[in-house]
Amino acid sequence: MAERRYDPQEIEPRWQALWARERTWEVSNEPTESRTDGLRALNSYILEMLPYPSGEPHIGHLKVYSVGDAIAHFHRRLGARVLHPMGYDAFGLPAENHAIKTGVQPRVSTDESIESFQRQFRRWGISIDWSREFATCEPSYYRWTQWIFLELFRAGLAYRREAAVKWCPKDQTVLANEQVDADGCCERCGALVEVKQLEQWFLRITDYAERLLGDLDTIEWPEHVKTMQRNWIGRSEGAEVIFRCEDLDPTHPVDYPVFTTRPDTLFGATFFVMAPEHPDIMRLAEGTPNEQAVHDYVNHALNEPNEERGNADKPKTGVALGRTVTNPVNGEQIPMYVADYVLMEYGTGAIMAVPAHDERDYEFARAFDLPVRRVIFPPNAHDSVEAAPGEDGGVGGLPYVGDGTLVNSHPDFDGMPNREAIGAIVAWLDREGKGHASVNYRLRDWLVSRQRYWGTPIPILYCERCGMVPVPEEQLPVELPEIEDYTPKGRSPLAAAELWVNTTCPQCGGPARRETDTMDTFVDSSWYFLRYCDARNEQAAWGPAALRQWMPVDQYIGGVEHAILHLMYARFFTKALADLGHLDFQEPFQALFTQGMVTKDGAKMSKSRGNVVSPASIIERVGADTARAYILFVGPPEQDADWSDEGVEGVHRFLSRLWRLAADTADQAGAPNADLSVPSAPQGADLELLRKAHWAIDKVSGDLRRFTFNTAIAAVMELINDSSRLRDAVAPETLRFALATAASVLFPFAPHVSADAYDMLTGERVWEQPWPQAEESMLERDQYELVCQVNGKVRDRVQASSDAAPHELKELCRAAPNVMAHVDGKEIVKEIVVPGKLVNLVVR
RNA sequence: GCGGCGGUGGCGGAACGGUAGACGCGGGGCCCUCAAAAGGCCCUGUCCGGAAGGGCGUGUGGGUUCGAUUCCCACCCGCCGCACCA
């Protein structure tokens with residue numbers, strides 16, 4: 001017989017053409033009949049994070065879609081109707097920067113990239129429902145992004161206020177944080193970046209902090225991702241305390257609230273610090289001898305790069321404002337300072353400083369020679385509370401941030417454990433109207449406006465008479481105009497499109513100007529999973545019936561680098577849209593899987609390192625099946641994996657072997673035969689191979705549920721190794737069954753070769769076959785190798801019958817030759833029997 | 001600093017508290033071949049031994065257990081996230 005060779009370059013396009021021709025992976029939104037056995041939901045929504053189309057897909061894309069496709073195929077063959085769509089997160093800076101450099105319009109270069117991604121995904125054989133494909137830069141998509149924005153605007157969840165943004169004085173443009181390098185310079189021109197106050201759009205995600213935190217308990221996400229989100233939200237319990245300033249005008253005192261997690265230390269507050277960004281700073285300093293110094297300090301602090309300013313090791317700096325505030329608990333006048341260690345974004349932008357019990361305040365007090373007053377006495381630190389005056393209370397070790405007993409405070413609280421004092425002092429503040437219990441979050445509102453061209457236009461108009469006016473829904477989308485020059489000139493490039501900017505007010509008909517900022521691309525990707533459910537709907541962003549079929553996403557898959565931003569924003573959108581009556585669920589992604597990075601020689605792939613492995617070149621050499629199976633075989637998918645060309649060859653050999661065995665076996669059988677029945681009472685090699693096949697079914701099924709694809713593929717390798725070894729010792733139908741089984745369970749990982757092998761053997765389409773079931777009887781053995789231990793060490797192995805009673809197993813073990821040698825007259829004090837596994841004799 | 005994850009052969013990695021190292025790579029030997037490629041078979045943690053067999057081995061030190069890579073405590077190292085968050 002002619003030598004047949006595994007040729008992925010022939011096999012793969014052939015099956016891809018069939019799947020494309022028959023639109024095999026498309027699904028409808030028709031309601032599924034309700035299922036009577038109640039076993040499983042009939043619909044399953046498997047989604048990988050949509051790609052940002054730039055150049056060619058990289059190896060990370062190959063990994064995420066290989067993982068997702070395996071799950072999608074598995075669910076299909078378990079009987080589910082699976083939604084597995086694809087789209088492109090197509091707005092963004094790189095396309096725009098490319099345009100600035102080359103003059104090629106972002107739309108043109110983006111479309112090129114999208115085409116290349118489409119080609120690759122088809123070439124990889126990913127089972128995508130192409131009928132639902134879209135790119136977020138298409139007006140038919142961003143029309144609904146704009147609609148959502150307006151919904152949020154009407155609900156008060158989108159608002160405008162002044163905010164500090166990064167500004168490059170040379171390029172005359174606002175910069176995204178990512179465009180500022182580590183030295184605080186513009187990544188394009190190298191000029192020192194400044195901070196500028198500009199009107200910006202925000203989304204009120206902070207309103208959802210509590211729910212975003214609480215609902216993490218309702219979803220099946222990796223614990224570390226939940227932890228990152230919890231940390232990002234950063235919930236702290238404490239109190240808001242009011243410090244009154246009467247210095248400016250005693251008849252009109254100003255109240256400055258501060259947030260503190262330690263109201264128990266209030267009596268130790270010896271000064272008061274405000275952030276340089278605090279709007280009252282200059283007003284407070286005005287007319288004091290320090291006015292100029294304060295002015296200089298604020299200017300300097302505001303222009304300092306975040307990385308530098310945020311460095312906790314930096315010595316504390318600041319300037320006295322020359323004013324005082326009143327400590328509400330004891331009426332003391334304490335001096336006010338401005339210092340850059342206080343952040344405007346957190347809490348109220350002002351703090352009470354308790355140097356004795358806070359490291360930062362302590363450092364500042366040291367630098368400025370301010371009083372330090374201990375108000376917490378450590379436990380077990382001898383002596384009575386009264387005998388502890390002076391700076392450190394005679395105990396030393398300041399600042400002290402631990403728990404203890406209150407001292408130097410007030411007779412009502414002195415002697416109280418500080419944990420208890422927190423409640424007592426807050427209650428007192430509350431009664432006096434000087435404060436109240438409060439919860440504070442680290443999470444800040446989401447700044448969504450970008451002074452950029454290549455993004456979704458914000459659908460707002462400014463009318464001279466009516467002010468800010470939302471674009472009426474029937475006028476959506478506000479389309480991005482074609483422009484000539486993408487170079488920023490101190491405002492969004494859109495501002496130069498005068499014809500587009502100038503329009504009429506829908507309310508009064510008078511002249512109006514369009515908002516020229518565009519939206520952060522994270523807005524686009526915060527709802528795309530909803531659009532897939534009803535991607536061709538021109539009347540609405542989605543129909544409720546379509547959503548009911550699919551949402552929430554059953555399994556979401558993507559890189560851990562999106563653990564915070566994208567996943568938080570998508571959750572926020574879902575909750576906000578649910579509150580507005582557009583959705584009837586609270587969480588978009590029921591289960592999440594985060595896959596690890598693919599590295600080369602232990603390092604992240606990058607052009608500058610020259611270690612980039614391109615999927616296209618791999619596939620050209622060994623085919624898509626090998627590339628996909630290898631990337632899943634190399635290790636657990638949630639871990640980082642190092643690409644090895646030798647490892648790829650190993651997987652290629654395995655697929656090659658599988659295919660050749662199937663081809664030879666099919667040739668011998670003459671014609672494909674759908675009948676896969678096996679000898680009725682198999683013995684010897686037949687039994688061994690059939691058992692192996694059923695073991696493999698069981699192993700792969702479990703591994704697919706656990707996402708341990710590496711061991712699933714290893715199990716199929718074992719089955720193929722055994723099939724090869726036993727090929728001449730078993731009945732032809734046994735071998736056929738073993739190989740068809742291997743092809744069947746390998747299909748989710750290497751679809752083309754599996755489909756081809758299955759077809760050669762049976763003439764059937766493997767993806768139309770139900771997932772195989774392992775037969776219980778084939779998983780059991782009537783004989784097994786009993787491990788014989790003496791004092792926990794393996795000394796022998798003997799054959800035991802599966803139905804042997806414990807006492808029989810003990811006998812077998814005691815009789816094993818090498819066990820006897822180790823027992824040798826010693827006393828057996830205990831015998832542990834684990835049926836099916838081992839016997840352990842404890843001797844003395 | 002806080003939080004999370006992880007440390008197993010030459011390498012990637014397997015092991016419901018029960019035979020440590022499945023599977024693959026790499027390495028060695030052999031078969032096929034005029035030769036090569038491709039393929040096939042065998043060996044491959046380490047030390048002692050001819051072999052049988054035995055000692056030692058999952059970052060370090062303790063503990064629980066008949067038995068620990070697995071559970072508990074302390075520590076060391078590495079990676080990731082957050083970081084002057086009041």
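Every value quoted in this text rests on a predicted model; they were computed, and no experiment measured them. Numbered from 1 within each chain, the chains take letters A, B, ... in sequence-line order.
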Minimum-distance nucleotide to Met228(A) side chain [options: rG13(B), rC85(B), rG81(B)]: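 Output: rG81(B).
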
Residue Ile832(A), side-chain heavy atoms: nucleotide from rC85(B), rG13(B), rG18(B) that is nearest: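 Of the candidates, rG18(B) comes closest.
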
Residues from residues 710-719 of chain A lying under 4.0 Å of RNA chain B - heavy atoms: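 Output list: Asn710(A), Thr711(A), Ala714(A), Met717(A), Glu718(A).
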
With a non-hydrogen cut-off below 4.0 angstrom, is [X] in contact with a base, only sugar-phosphate, or nothing?
X: Gln789(A); answer: base
X: Lys316(A); answer: base
X: Ser656(A); answer: nothing
X: Val834(A); answer: base
X: Gly650(A); answer: sugar-phosphate
X: Val354(A); answer: nothing
X: Arg797(A); answer: base
X: Val794(A); answer: sugar-phosphate
X: Asn840(A); answer: base
X: Arg795(A); answer: sugar-phosphate
X: Glu831(A); answer: nothing

Chi angles and distances behind the side-chain hydrogen bond (donor to acceptor under 3.5 Å, both in side chains) call for Ser236(A), Tyr346(A): CA-CA 11 Å; Ser236(A) 310; Tyr346(A) 187 77; 3.2 Å; yes

Below 4.0 Å: OP1/OP2 of rC16(B) and any side-chain N or O of Lys699(A):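 No, no such contact exists.
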
Arg657(A) vs rG40(B): side-chain N/O to OP1/OP2 distance below 4.0 Å: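 Checking rG40(B) against Arg657(A), a side-chain N or O does come within under 4.0 Å of OP1 or OP2.
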
Pairing partner of [N] (Watson-Crick or G-U wobble, both distances under 3.5 Å):
N: rA35(B); answer: none
N: rC2(B); answer: rG81(B)
N: rC71(B); answer: rG63(B)
N: rC41(B); answer: rG29(B)

Check: rC82(B) base within 3.5 Å donor-acceptor of Asn231(A) side chain: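 No, the side chain and the base share no sub-3.5 Å donor-acceptor pair.
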
Enumerate donor-acceptor pairs with a distance under 3.5 Å from any side-chain N or O in residues 836-844 of chain A to protein atoms, sequence neighbours excluded.
unit_1, atom_1, unit_2, atom_2, d
Asn840(A), OD1, Asn791(A), N, 3.4
Asn840(A), OD1, Gly792(A), N, 2.9
Arg844(A), NH2, Glu827(A), OE1, 3.4

Atom of Cys788(A), atom of Cys813(A) and distance for their closest heavy-atom approach: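 For Cys788(A) and Cys813(A), the tightest heavy-atom pair comes out as CB-SG, 3.6 Å.
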
Validation row, ring centre Phe747(A) to ring centre Phe749(A) under 6.0 Å: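 No, the ring centres sit 6.0 Å or more apart.
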
Torsion-based syn/anti label for rG24(B), 90° from 0 as limit: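 Judged by the O4'-C1' to base torsion, rG24(B) sits in anti, the angle falling more than 90° away from 0.
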
